[in-house]
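Quick notes on the structure that follows.
Hydrogens, waters and symmetry mates play no part in the numbers below; they use all other heavy atoms, side chains included. Residue numbers begin at 1 in each chain, while the letters A, B, ... track the order of the sequences. Quantities reported herein were computed from a predicted structural model and do not represent experimental measurements.
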Number of protein chains: 2
Amino acid sequence: MRPTVHDIAAKAGVSLATVDRVLNNRPGVRSVTRDKVERAIATLGYVRDVAAANLAKGRNYPLVFILPEGDNSFMRGLEGEVRAAMARSASERTQITILPVPAFDAQALVQALWEAHQRRPAGIAVVAVDAPEVAEAVKQLRDTGITVVTLVSDLPGSGRDHFAGVDNIAAGRTAGTLMGRFTGGRAGPIAVLAGSMLVRDHRERLEGFSAVMAEEFPARQLLPVIEGQDDPVLVEKLVRALIEREPDLAGIYSLGAGNRGLVAALEQTGKSKTICTIAHELTPHSRAALSSGTIDAVLNQDAGHEVRSAIRVLKAKADGLAVIEAQERIRIDIFLKDNLPIEQA
Amino acid sequence: MRPTVHDIAAKAGVSLATVDRVLNNRPGVRSVTRDKVERAIATLGYVRDVAAANLAKGRNYPLVFILPEGDNSFMRGLEGEVRAAMARSASERTQITILPVPAFDAQALVQALWEAHQRRPAGIAVVAVDAPEVAEAVKQLRDTGITVVTLVSDLPGSGRDHFAGVDNIAAGRTAGTLMGRFTGGRAGPIAVLAGSMLVRDHRERLEGFSAVMAEEFPARQLLPVIEGQDDPVLVEKLVRALIEREPDLAGIYSLGAGNRGLVAALEQTGKSKTICTIAHELTPHSRAALSSGTIDAVLNQDAGHEVRSAIRVLKAKADGLAVIEAQERIRIDIFLKDNLPIEQA
DNA sequence: CTGTTAGCGCATTCAG
DNA sequence: CTGAATGCGCTAACAG
């Protein structure tokens, strides 16, 4: 049987309360007594039963998730994962509130952060917009003792406690290697389709992609970046124009959202099989396009992992516990039509 | 505040004991009473606090992991993950024993299963050897009420409760698509290097790979399978001979272990950059070869996920709970040099 | 500074 | 068939 607080109280010749004080290093214990207790803890190899402790404490973690509104499939999937976490609230002792904000709107985000603050949560997870006023708001939150983690898109210089998202430079490099090798057999230039260069993750993906293309495939021509604002309608128009302009186009790297428009343009111009297409985020649309062969590869960040990781970190930091950084690192998944995961309900 | 057993006892006008009987549907309750209680449960929206229940029960799960011995890096990594799980035993209420057995030895495995049986564990996880006597042993274990999950390599027809491993046909297909596309720019045949065709996962990978090559890249010549017995020394010899025999070799798909020998042969013959190489399992060796460019892609199964999943399933089945199959599905990871995960300590 | 006591939410004797 | 009482391992008043 594992040793309990009783065992160590007996061994040290003190009461439960004193043991508890030492365990949670609260004040009010003579250092002699403390030593006795600590020795007992060590020799018995005591480890605290966290479940029992939480039960006794009745601890729970009020958390706020600030997520962008809009019909971006990835973001809706992310929200779904947060809702799934809400369903687990009971066993995880969390109580999660979702605060929706207009996408790419720094002012609105600052406002939302303020609202979140009012609720005095233990922690906040936020899909950040990369603007100084947002960073400032985050700083203030942290000064109040609220833990903040950025989700999907980071906000360096804000002092956020943690970033739950992928290394987007590495993602861009991965896309570059795949693109270079997949198009190895044919000539023609390659186009890059972004959402907006004002967003940090998009900038970083481009950086990684361009670097690999320059290093490893210097002969391949890279067309100037096209910005589709993550809007399917605009994206479709732009890609149609692109295809007309560049009849010999070998590949398209879509590093943002709005892939519905991209797929439509490729399929309706009959170019879906001849242009190598690499996109980001596994959504119902990109998944279908991958299956049909219109998209050749999808780089994905697992939204479920990101949400669960954010919650773990938020709870740990709220308790002043250390986080195993390596364990919380979000991987870049590569999906081909052959290794698609089973469709969730 | 969440409703507790007290609330539902009060609401239904019965005692705690009766509520408990209904909750755990034990006998000895009139159906009228049962109905009353069930109605109270429903209207209050009661959900059981599993942590508290486990505390009260003092439940724990004795588990046995049967793992192959030998210096196979992947298997050693797997063992490491089991040991990591052992370190978490306290909080997960598990007590795990590792039983090492000689690799690929059906007789020894049957013996080990018997030994495991003696310990009367709640569940057993086993890296299966695909032999009828092993299947028979597993069947008998299950008849005793012990849950059995196969790990990494499956054993269909044994009635095992669950398989914690990847879809190896899909893995082979993924390798096929990558190989076909990566070698798109050049001519030459492709070789397949297996451990042994007597092992199920190797057979399945070959099946998937061959299928995709035939369907999608029919012009590409596939050389007869070479069997290296997962032995680095033998593998190196065979690959050297292969390279000499086929000077125009375009690619090698290594679907088993012993990649140290493969890498050595490629590097020492100076062919590492000209032959497209795809291998399985991310180990220190394959990782280094991926970084240096000798290996072009590694397909991986996350041993940590497999172990954690196996434990979750073992515990759930031991409690007669349902398993969310989709959640326990192990993904096929694709690693290029660009998206390698951070090295663990 | 230290000890006593009463729960947290649930399961389980043992009486009735 | 049903209920009262006790305890799992830990924390938190409240006394001393």
Rounded to the nearest Å, what distance is computed from the [atom1] atom of residue [X] to the [atom2] atom of nucleotide [N]?
| X | N | atom1 | atom2 | result |
| --- | --- | --- | --- | --- |
| A:D319 | D:dT11 | CG | P | 12 Å |
| A:H6 | D:dC10 | NE2 | P | 9 Å |
| A:N54 | D:dC8 | CG | C1' | 15 Å |
| A:L16 | D:dA12 | CG | C1' | 12 Å |
| A:N60 | C:dC8 | CG | P | 15 Å |
| A:K57 | D:dC10 | NZ | P | 12 Å |
| A:R59 | C:dG9 | CZ | P | 16 Å |
| B:D20 | D:dG7 | CG | C1' | 14 Å |

Which part of the nucleic acid does [X] contact within heavy-atom distance under 4.0 Å: base, sugar-phosphate only, or nothing?
| X | value |
| --- | --- |
| B:A17 | base |
| B:V19 | nothing |
| B:D49 | sugar-phosphate |

Evaluate the criterion side-chain hydrogen bond (donor to acceptor under 3.5 Å, both in side chains) for residue pair A:N24 and A:R48; output intermediate values, then yes/no. CA-CA 10 Å; A:N24 299 292; A:R48 180 212 248 84; 2.4 Å; yes
Is the backbone of A:D333 close enough, under 3.5 Å, to the side chain of A:N300 for a donor and an acceptor to pair up by distance?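 The answer is no, because no donor-acceptor pair under 3.5 Å joins these two groups.
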Please confirm whether the backbone N or O of B:G70 pairs with a side-chain atom of B:R76, one donor and one acceptor, at under 3.5 Å?
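Judged by distance alone, yes, a pair lies under 3.5 Å.
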Is the phosphate of [N] approached by [X] (side-chain N or O, under 4.0 Å from OP1 or OP2)?
| X | N | result |
| --- | --- | --- |
| B:R48 | C:dA11 | yes |
| A:S15 | C:dT2 | no |
| A:T18 | C:dT2 | no |
| B:T4 | C:dG9 | no |

Validation row: B:I8, B:V37 side chains within 4.5 angstrom (heavy atoms):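 In contact.
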(request) Decide yes or no on salt bridge (Lys or Arg N to Asp or Glu O under 4.0 Å) for A:R160 and A:D154, but give the supporting numbers first. (result) CA-CA 9 Å; A:R160 86 285 185 281; A:D154 197 10; 2.8 Å; yes
When you check the gap from the basic side-chain N to the acidic O, do [X] and [Y] get nearer than 4.0 Å?
| X | Y | value |
| --- | --- | --- |
| A:R30 | A:D35 | no |
| B:E115 | B:R119 | no |
| A:R93 | B:D49 | yes |

Given that B:A56 and B:G13 both sit by DNA chain D, which one's nearest nucleotide is further toward the 5' end?
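The residue whose closest nucleotide sits nearer the 5' end is B:G13.
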Under 3.5 Å, N/O pairs linking protein and nucleotides 14-16 of chain C:
none

Review point. In residues 24-34 of chain B, which residues come under 4.0 Å of DNA chain D by heavy atom?
Key: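 Residues of residues 24-34 of chain B that come under 4.0 Å of DNA chain D are, in numerical order, B:G28, B:V29, B:R30, B:T33.
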Next on the checklist: Quick check for you: among D:dG9, C:dA11, D:dA12, whose closest atom lies nearest to any side-chain atom of A:L55?
Outcome noted: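 Nearest to the side-chain atoms of A:L55, counting from C-beta on, is D:dG9.
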Cationic tip of A:R59 above A:Y61 ring, under 6.0 Å, 45° of axis |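 So A:R59 does make the cation-pi contact.
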>> Could you check whether B:E328 and B:S309, counting side-chain N and O atoms only, form a donor-acceptor pair closer than 3.5 Å?
In response: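 Side-chain D/A pair, B:S309 to B:E328: present.
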